[in-house]
Amino acid sequence: MAKIDREYIKILCSHSNWSEIGVRKTLEGQIYSGVASWQRFLKFLLLALGVSFTVAGILFFFAYNWAELHKFAKLGIIETLIVLLILIAVFAKTKPLIKKVLVLAASILVGVLYAVFGQVYQTGADAYDFFLGWTLFISIWVLFSNFAALWALFVALLNVTFILYAEQLAYEWSELFLTCLLFGMNSLLILGFIIIPKVFKMPPFPLWFIQLVALTAIVFSTIGISSGIFEKPQPSFWALFLMAALFYGVGIWYGLKTKSLFYLSIIPFSVIIILSAALLDLSDEAGMLFAIGIFIVTSITLLIKMLLNYQKKWES
């Protein structure tokens, strides 16, 4: 059965004797959000705001009272909060979502603890090992909680750790090699997040999380290939190009299979950017710039038209 939307209801009202009461009931049941939906939304919103403001308050507390606090007080307060949050999450009889949010807050405070430790003992709070330690310390919590928001923090820390490692230690790594490495890592993570829940009969990860990681991977591939076009071809460039071609092909297939306009929009948009860079590499004269402008406008227009056609087809 096709999904009922406003347009269908409008057409039925214009060509039938559907009563006003029936239309109102259909709108309330199929279109409008009910009381339960709003309560659920407000519950999640207030919970997220409460945790965010609490963590922000802790950060501002240390920032404002930094000079007056003893170093043991600085470390002890954060450690006490982390232990308290974990104990509540483990032993308190509350909803699983609240427990997962508490673990997320504790994971963020782990980063604060490492930052404070680095500032107190001058270990270098901006070094890659700061983020590496943060990532490793929360790994067990990430695995056992299986919370999408905590996984998002973990993936972000992984990317930052690799980037800082390349900047501070791996001087022989080129930017193109680093981009290739990050693209490959995020691509493997996407496959894991999609396949592992099916293999182990686990609840699937939220759609927004999968799409966020996919967007991260595509951003790295777009930047790497576009910048590599203007440089002398390297093995890293061709490796990234081949991996991106495979990933893009699978992404288009997956988008058509799952009827997801997300993959059918960001992948062609990435291709448009890469092709524009290739044209710009051929010539940077005014005529070529004009041709690139025409190409971008035309291709995006055709892409939007294609997406609208797929949307109408899937909704019919």
Side-chain angles (χ1 to χ4, degrees), residues 1-11 30-31 146 148-149 151-152 155-156 158-159 179-229 237-279 292 294-316:
M1 180 179 178
K3 182 181 178 181
I4 299 177
D5 58 14
R6 294 176 184 270
E7 188 65 25
Y8 289 160
I9 295 177
K10 182 178 179 181
I11 294 174
Q30 302 290 337
I31 304 299
N146 198 26
W151 272 109
V155 173
L158 278 178
N159 284 276
T179 307
C180 181
L181 182 64
L182 292 172
F183 172 74
M185 181 187 69
N186 286 280
S187 301
L188 291 176
L189 288 174
I190 295 171
L191 293 178
F193 292 136
I194 294 176
I195 296 175
I196 290 178
K198 297 180 180 179
V199 173
F200 293 96
K201 308 300 180 180
M202 298 165 51
F205 285 92
L207 185 61
W208 66 266
F209 173 68
I210 301 295
Q211 292 178 349
L212 178 63
V213 182
L215 179 62
T216 303
I218 290 177
V219 167
F220 283 127
S221 65
T222 305
I223 294 175
I225 296 175
S226 299
S227 60
I229 289 175
F237 172 79
W238 294 114
L240 177 59
F241 182 83
L242 293 176
M243 288 193 302
L246 177 62
F247 180 86
Y248 286 10
V250 174
I252 293 295
W253 170 81
Y254 185 77
L256 293 172
K257 179 182 178 182
T258 60
K259 298 182 179 181
S260 173
L261 295 178
F262 175 78
Y263 299 99
L264 299 180
S265 58
I266 61 171
I267 293 177
F269 187 71
S270 173
V271 173
I272 292 172
I273 296 176
I274 293 172
L275 291 177
S276 300
L279 292 174
I292 293 174
I294 297 296
F295 166 73
I296 293 175
V297 172
T298 304
S299 56
I300 291 180
T301 302
L302 294 175
L303 174 60
I304 294 174
K305 186 176 185 301
M306 180 195 71
L307 294 176
L308 291 175
N309 290 336
Y310 273 118
Q311 185 180 25
K312 292 179 181 178
K313 177 181 177 181
W314 291 336
E315 288 182 351
S316 61

Drop me the distance from [X]'s [atom1] to [Y]'s [atom2], to the nearest 0.5 angstrom.
| X | Y | atom1 | atom2 | result |
| --- | --- | --- | --- | --- |
| Thr258 | Trp314 | OG1 | CH2 | 7.0 Å |
| Asn146 | Phe205 | CG | CZ | 4.5 Å |
| Ile304 | Asn309 | CD1 | CG | 12.0 Å |
| Ile225 | Leu240 | CD1 | CG | 4.5 Å |
| Ile210 | Ile190 | CD1 | CD1 | 7.5 Å |
| Leu246 | Ser187 | CG | OG | 9.0 Å |

With side chains defined as the heavy atoms from C-beta onward, is the minimum distance between [X] and [Y] less than 4.5 Å?
| X | Y | answer |
| --- | --- | --- |
| Met243 | Cys180 | yes |
| Pro204 | Lys198 | no |
| Thr301 | Val297 | yes |
| Ile229 | Phe237 | yes |

Quiz item: Could you walk me through whether Phe262 and Leu215 pass the side chain to side chain contact (heavy atoms under 4.5 Å, CB included) check?
Solution: CA-CA 9 Å; Phe262 175 78; Leu215 179 62; 4.2 Å; yes

Exercise. Could you walk me through whether Tyr310 and Leu256 pass side chain to side chain contact (heavy atoms under 4.5 Å, CB included), step by step?
Key: CA-CA 9 Å; Tyr310 273 118; Leu256 293 172; 3.7 Å; yes

Self-check item: Heavy-atom donor-acceptor pair, Ser270 side chain to Ile266 backbone, under 3.5 Å
Solution: no

Practice problem: Could you tell me whether the side chain of Thr298 and the main chain of Phe295 form a donor-acceptor pair under 3.5 Å? | Solution: no

If you look at every heavy atom in [X] and [Y], which pair is closest and at what distance?
| X | Y | value |
| --- | --- | --- |
| Ile273 | Ser226 | CG2-OG, 3.9 Å |
| Pro197 | Gly192 | CD-O, 3.7 Å |
| Leu307 | Ser265 | CD1-CB, 3.7 Å |
| Ala148 | Trp208 | CB-CZ2, 3.8 Å |
| Leu264 | Leu303 | O-CD1, 3.6 Å |

Quiz prompt | ring pair (Phe, Tyr, Trp, His ring centres under 6.0 Å), paired with Phe183, selected from Tyr248, Phe220, Phe247, Phe241 | solution = Phe247

Practice problem: Run the numbers on Phe269 and Thr222 for side chain to side chain contact (heavy atoms under 4.5 Å, CB included), then give the verdict. | Solution: CA-CA 10 Å; Phe269 187 71; Thr222 305; over 6 Å; no

Quiz item: For Asn186 and Val155, what are the C-alpha separation, side-chain angles and deciding distance, and is it a side chain to side chain contact (heavy atoms under 4.5 Å, CB included)?
Solution: CA-CA 8 Å; Asn186 286 280; Val155 173; 3.9 Å; yes

